[in-house]
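Okay, structure first, notes after.
The chain is numbered in sequence order, starting from 1.
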Amino acid sequence: MNSAAVPTPVEDVQGDGRWLSMHNRFVSQAREMEPDVVFVGDSLVANLQSTDLWEKWFAPMHSLNFGIGGDQTQHVLWRLKNGELECIKPKAVVVLVGTNNHSHTAAEIAGGIIEICHTVREKQPQAYIIVLTLLPRGEKPNPLREKNSEINGLIKEAVRKIDLCQVVNINRDLVLGDGTIDHRDMYDYLHLTWQGYRRAFEPVFELLTQLLHESDKLLLNDDTLASPASDNPPSDNPGTCPE
């Protein structure tokens, strides 16, 4: 069994209950708001909300940020299966998680990411799923960087079988010609600076802008966004929101 693809809550080893409190807050936000875009993932997603780019680019899109630092694929999967995708009908869901799965193989991590995509597709059949590539890590070339690169190759192939789903490469220009990463892009060679976020998330902003614009046009035209993997239109979300 692939534990990276089995929904698992984070063990509260510190005893302050913060992870579950954040999850419960996200569930409440899902009940109270009507987002067009939902970001899910680990600290790389969570920290995006603290940047000016979030306020400039993504907040105007009616986005919610469901990122928690340290999360692995199985943790995000548990959150999505336990309320974070209920009561909403977003036009797009952005997924970035997997770099924290240190005890799993590349194939297992890719399997966890794909299971997240299947869960999003099941709960939000109308939503376009945008899977972001795992970022390089470490100042110089190292095995973890190679592992993340392998994961990226695996998920690019696997998402071809999922309707309304595509991978977006956010690694552009982060690795220099000599193989190093500049601290001005990733201050600790793992997390992004403001400059790094701009480099990495500009293609995400551009794609979301296109998708939301097309979605609005299609609503006006009473048409349906076709999947790049299938010509069949997505079905309505059969789920109901409990009181």
Going only through I, L, V, M, F, W and Y residues with side-chain contacts under 4.5 Å, is there a path from L154 to V168? no
Would you say the side-chain atoms of N2 pair up with the backbone N or O of G111, donor to acceptor, closer than 3.5 Å? no
Cationic N near anionic O, under 4.0 Å, E86 to K123: yes
salt_bridge(R172, E202) N-O dist < 4.0 Å: yes
Do R121 and D163 meet the salt-bridge criterion of a basic N to acidic O distance under 4.0 Å? no
Take H191 and N47 through the side chain to side chain contact (heavy atoms under 4.5 Å, CB included) test and state the conclusion after the steps. CA-CA 9 Å; H191 296 96; N47 293 346; 3.8 Å; yes
Could you tell me which residues satisfy ring pair (Phe, Tyr, Trp, His ring centres under 6.0 Å) with F66, sequence neighbours excluded, listed by chain and number? F26
What do the steps show when you test R184 against T193 for side-chain hydrogen bond (donor to acceptor under 3.5 Å, both in side chains), and what is the final call? CA-CA 6 Å; R184 288 170 292 188; T193 62; over 6 Å; no
Before giving the answer on side chain to side chain contact (heavy atoms under 4.5 Å, CB included), spell out for I114 and I162 the whole-Å C-alpha distance, their side-chain angles and the decisive distance to 0.1 Å. CA-CA 9 Å; I114 296 305; I162 304 175; 4.1 Å; yes
Compute the centroid of each ring, for F39 and then for W54, and state whether the two points are separated by less than 6.0 Å. yes
Would you please test D185 and Q195 for side-chain hydrogen bond (donor to acceptor under 3.5 Å, both in side chains) and show each step? CA-CA 6 Å; D185 288 325; Q195 174 178 292; 2.7 Å; yes
What pairs of residues pass the ring-ring contact (aromatic ring centres under 6.0 Å, His included) test when at least one of them lies in residues 92-121, not counting sequence neighbours? none
Go through the structure and list residues passing ring pair (Phe, Tyr, Trp, His ring centres under 6.0 Å) with Y187, not counting sequence neighbours. none
Below 4.0 angstrom, N of the basic side chain to O of the carboxylate: do D12 and R18 qualify? no
Do H75 and T8 meet the criterion of a side-chain donor-acceptor pair at a distance under 3.5 Å? no
Are L96 and L190 connected into the same hydrophobic cluster when the rule is that any two of I, L, V, M, F, W, Y join if their side-chain heavy atoms are below 4.5 Å apart? no
Donor-acceptor contact present, side-chain N152 to main-chain L134, <3.5 Å: yes
In this structure, would V175 and L44 fall into the same cluster of hydrophobic residues linked by side-chain contacts under 4.5 Å? yes
Taking it one step at a time, do R145 and I181 satisfy side chain to side chain contact (heavy atoms under 4.5 Å, CB included)? CA-CA 11 Å; R145 210 192 274 186; I181 289 176; 3.7 Å; yes
Applying side-chain hydrogen bond (donor to acceptor under 3.5 Å, both in side chains) between T99 and each of Q72, K147, R137, report the one that passes. R137
Calculate, to the nearest 0.5 Å, the distance between atoms CG and NZ belonging to L77 and K81 respectively. 5.5 Å
On a heavy-atom basis, which atom in T133 and which in K156 lie closest, and how many Å separate them? CG2-CE, 4.1 Å
Does Q126 use its side chain to pair, donor to acceptor, with the backbone of P90 at less than 3.5 Å? yes
I need the minimum non-hydrogen distance between L164 and P125, along with the two atoms involved. CD1-O, 3.8 Å
Should the ring pair W78 and W19 be called parallel, tilted or perpendicular, given that the plane angle runs from 0 to 90° and is split at 30 and 60? tilted
If you look at every heavy atom in G179 and P141, which pair is closest and at what distance? O-CD, 3.3 Å
Evaluate side-chain hydrogen bond (donor to acceptor under 3.5 Å, both in side chains) for S63 paired with D36, printing each intermediate quantity in order. CA-CA 6 Å; S63 299; D36 286 330; over 6 Å; no
How far apart are the C-alpha atoms of H62 and E34, what are their side-chain angles, what is the distance that settles it, and do they pass the side-chain hydrogen bond (donor to acceptor under 3.5 Å, both in side chains) test? CA-CA 8 Å; H62 303 110; E34 298 180 359; over 6 Å; no
Report whether V204 and L212 are members of the same hydrophobic cluster (ILVMFWY, side-chain heavy atoms less than 4.5 Å apart, transitive linking). yes
Do V40 and M33 belong together in a cluster built from hydrophobic side chains that touch within less than 4.5 Å? yes
Between L64 and V37, is a side chain to side chain contact (heavy atoms under 4.5 Å, CB included) present by the stated rule, with each step listed? CA-CA 6 Å; L64 286 179; V37 182; over 6 Å; no
Of all heavy-atom pairs linking A92 and L208, the shortest is CB-CD2, 3.7 Å
